[in-house]
2 protein chains.
Amino acid sequence: MATGRTHRPATRSRGIPEATVARLPLYLRALTALSERSVPTVSSEELAAAAGVNSAKLRKDFSYLGSYGTRGVGYDVEYLVYQISRELGLTQDWPVVIVGIGNLGAALANYGGFSARGFRVAALIDADPAMAGKPVAGMPVQHTDDLEKIIEENGVSIGVIATPAGAAQQVSERLIAAGVTSILNFAPTVLSVPDGVDVRKVDLSIELQILAFHEQRKAGEEAAAGASVPGGEGVAEVPGAGSGAAPAAAVEPPAGRAAAVARKNGPEGDVPAVMPA
Amino acid sequence: MATGRTHRPATRSRGIPEATVARLPLYLRALTALSERSVPTVSSEELAAAAGVNSAKLRKDFSYLGSYGTRGVGYDVEYLVYQISRELGLTQDWPVVIVGIGNLGAALANYGGFSARGFRVAALIDADPAMAGKPVAGMPVQHTDDLEKIIEENGVSIGVIATPAGAAQQVSERLIAAGVTSILNFAPTVLSVPDGVDVRKVDLSIELQILAFHEQRKAGEEAAAGASVPGGEGVAEVPGAGSGAAPAAAVEPPAGRAAAVARKNGPEGDVPAVMPA
DNA sequence: ATGTCTTTGTGAACGCGTGCACAAAGATTG
DNA sequence: CAATCTTTGTGCACGCGTTCACAAAGACAT
Ligand SMILES: NC(=O)c1ccc[n+]([C@@H]2O[C@H](COP(=O)([O-])OP(=O)(O)OC[C@H]3O[C@@H](n4cnc5c(N)ncnc54)[C@H](O)[C@@H]3O)[C@@H](O)[C@H]2O)c1
Ligand SMILES: NC(=O)c1ccc[n+]([C@@H]2O[C@H](COP(=O)([O-])OP(=O)(O)OC[C@H]3O[C@@H](n4cnc5c(N)ncnc54)[C@H](O)[C@@H]3O)[C@@H](O)[C@H]2O)c1
């Protein structure tokens, strides 16, 4: 998932809902696959299944684009591929720069699916002088000093940041100052950008943490259902104990901070242990 | 945006809203930074700014966890770090396997932030016999044949898929059959999984396409603004080629886009064309 | 033509998420 | 102890997104 433009001022948003926009690429992918198999038409039901969404949702999504279907038949695959591509702006060429050619940046540069849909890696940029000129994915890495020049000369409006978190904000500022108005950020930092600039983030760590949350919940329910007693849980040390703030154990379960939670919410789910930084 | 679990049966409504869960890692990151700077407390306003969200939203999010703040003062940093970590399940160790050690998989394996928060790469798995035994990130790559054994022996419940799209579904099935119940999928495919299994996807291509959509819209508005004075807010002008620093355009039918969208069926310039897949 | 059958397009209801605005809680000062 | 100041916690309203359900549109058969 990616966030970014949280701010939608509804500026004459006579447009396609954001949620719909986010699904269009999904539909496009499914349609492209059908197209390659020379399937002429698809029903909303079939396509929805392929894209993993509800068919009513899909129909409503398409309704924002116009009435491209034929009742009793379905949608013309080729036609829809074209319409969605056009709506997403994929009928034009989008030069992209990748900044930060480390493990991830190099992988991205080597990624084939990149150029498959109108996106073209225009340049690879890194701050490490030792990398300058070194070829990655058949393209010489360029030094950050030339960032502005590269952006302007290639008319780049989309930038990908794959630098360490500490450098991300500064890199984004340089990119924006040079003309970039859309950023895909892989660094685990919140980028602060001016209005008019779109930022989407890809954060592995966040995704894993969300999965962990659900995983823990699943384990908890399972345990509760099984009525089994998991091994000793030994309450570990509580960081920053003192501070006087927050009422400590008042009633309820085992002492410690866990009680605070139980106070408001349900009892179960107390699994204190070591805590990483 | 998990593909599988779209359905939320609200099983036992004792739950934190999904949107809140997705923000907790963000708060945690900001709090960890504060903690490292030995800041004792933060106000919702400060923390919200650091996390890039609305302060009211942050307070409401925290209210789902319980009442951990002190009015007139703010939140105790250390205490909150602990509570959020516990809620997210980061107080326990999560062994993770990465399947598909190619460009991306190797980058992920080398990623430090991985193990920083309770996640531990338990194994690297690849189908290529030539890779078996080869060390990546100081860990020998193991063959897919041993996938089930690895999962079971290490008690892995979270799997990361970084194989080509064509292999993703099959890999997910093997992972699930072996006991994995959470999957982070980097392959551009919709995974079909049974109930109870969570899937989250990271899709570079989709993110770029969403950015392209907004980028195109920005270019269009810009062009419209520069043209004749827009009297009515009704229909947007057609973003003609040229104008602005827009990238080189590819092929595109002449007829108005807005017209086709607004109208039921635009017979005019809507000639199906072959699009770059 | 007429009737039947399939599938779209969408009105309407509903639930979730967001953000405002403010009372209450507690710190702090006199 | 009372007054004042700060900041939380949340009631409430609003808008977006999702889903159901169905009339209407068109294909197709008779
Ligand atoms: N590797 C992964 O799988 C992964 C996963 C999720 C997130 N991330 C994030 O992506 C970013 C990159 O990760 P990585 O593993 O490739 O790190 P890395 O250290 O391998 O690469 C970082 C690169 O950025 C360059 N760099 C540093 N400062 C720069 C600057 N100011 N301008 C331009 N280039 C600069 C460095 O020279 C280096 O080549 C990090 O923020 C990391 O947290 C990585
Ligand atoms: N590289 C990127 O930056 C990037 C970005 C976005 C998405 N992706 C996606 O991530 C996936 C991996 O990308 P990549 O660039 O690393 O590809 P890659 O070809 O470099 O690596 C794929 C690896 O998967 C292994 N593999 C193939 N089938 C397997 C199977 N059945 N079981 C286990 N391993 C198997 C291959 O041996 C290979 O090592 C692809 O689906 C790609 O579309 C990659």
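Letters go in sequence order (proteins before strands), and every chain restarts at 1. Since the structure is predicted, the reported quantities are computational estimates derived from the model, not experimental observations. Computed from heavy atoms alone, side chains included, the values below leave out hydrogens, waters and symmetry copies.
Taking atom CZ of residue Arg59(A) and atom P of nucleotide dG17(D), one finds them 19 Å apart after rounding to whole Å. Distance, Glu18(A) CD to dG17(C) C1': 15 Å, rounded to whole Å. Distance, Phe62(B) CZ to dT7(D) P: 16 Å, rounded to whole Å. A straight line from CG of Asp61(A) to P of dC16(D) spans 15 Å, rounded to a whole angstrom. Rounded to an integer number of Å, the gap from Glu46(A) CD to dT8(C) C1' is 14 Å. Put simply, NZ on Lys57(B) is 17 Å from P on dC16(C), counting in whole angstrom units. For Tyr68(A) and dG26(D), the OH to P distance is 16 Å, given to the nearest whole Å. Here the P atom of nucleotide dG9(D) and the CG atom of Leu80(B) are 10 Å apart, to the nearest Å.
Results of the side chain to side chain contact (heavy atoms under 4.5 Å, CB included) test with Gln209(A) over Ile84(B), Leu88(B), Leu26(B) single out Leu88(B) as the only residue that passes.
When heavy atoms are screened at a 4.0 angstrom cut-off, Tyr75(B) is found touching the sugar-phosphate backbone but no base atom. As judged by a 4.0 angstrom heavy-atom cut-off over every strand, Ala56(B) is placed among the base-contacting residues.
Side-chain contact between Val77(A) and Leu47(A): absent, with no pair of heavy atoms (C-beta onward) separated by less than 4.5 Å.
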Can you name the atoms? Protein N/O to nucleotides 26-30 of chain C N/O, anything below 3.5 Å, with the distance.
none

Check: protein-nucleotides 12-15 of chain C nitrogen or oxygen pairs below 3.5 Å:
| unit_1 | atom_1 | unit_2 | atom_2 | d |
| --- | --- | --- | --- | --- |
| dA12(C) | N6 | Lys60(A) | NZ | 3.0 |

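Taking only side-chain nitrogens and oxygens, Tyr64(A) never comes nearer than 4.0 Å to OP1 or OP2 of dC16(D). OP1 or OP2 of dC20(D) sits under 4.0 Å from a side-chain N or O of Asn54(A). One finds a side-chain N or O of Arg23(B) lying less than 4.0 angstrom from the OP1 or OP2 phosphate oxygen of dT18(C). Between dT7(C) and Ser43(A), no contact under 4.0 Å exists linking OP1 or OP2 to a side-chain N or O.
Side chains of Gln83(B) and Tyr79(B): a donor-acceptor N/O pair is present below 3.5 angstrom, by distance only.
Thr20(B) places no side-chain N or O within donor-acceptor distance of the main-chain N or O of Ile16(B), the cut-off being under 3.5 Å.
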**Asked** After noting the C-alpha distance and the side-chain angles of Asp203(A) and Arg29(B), does the key distance pass the salt bridge (Lys or Arg N to Asp or Glu O under 4.0 Å) rule?
**Response** CA-CA 12 Å; Asp203(A) 198 316; Arg29(B) 178 179 296 156; 2.6 Å; yes

**Message:** Determine whether Ile210(B) and Glu18(A) satisfy the following criterion, side-chain contact (heavy atoms from CB on, under 4.5 Å), listing intermediate values before the conclusion.
**Reply:** CA-CA 9 Å; Ile210(B) 294 173; Glu18(A) 190 60 26; 4.0 Å; yes

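For the ring-ring contact (aromatic ring centres under 6.0 Å, His included) test, residues two or more places apart in sequence or in another chain that qualify with Phe62(A) are Tyr27(A), Tyr75(A).
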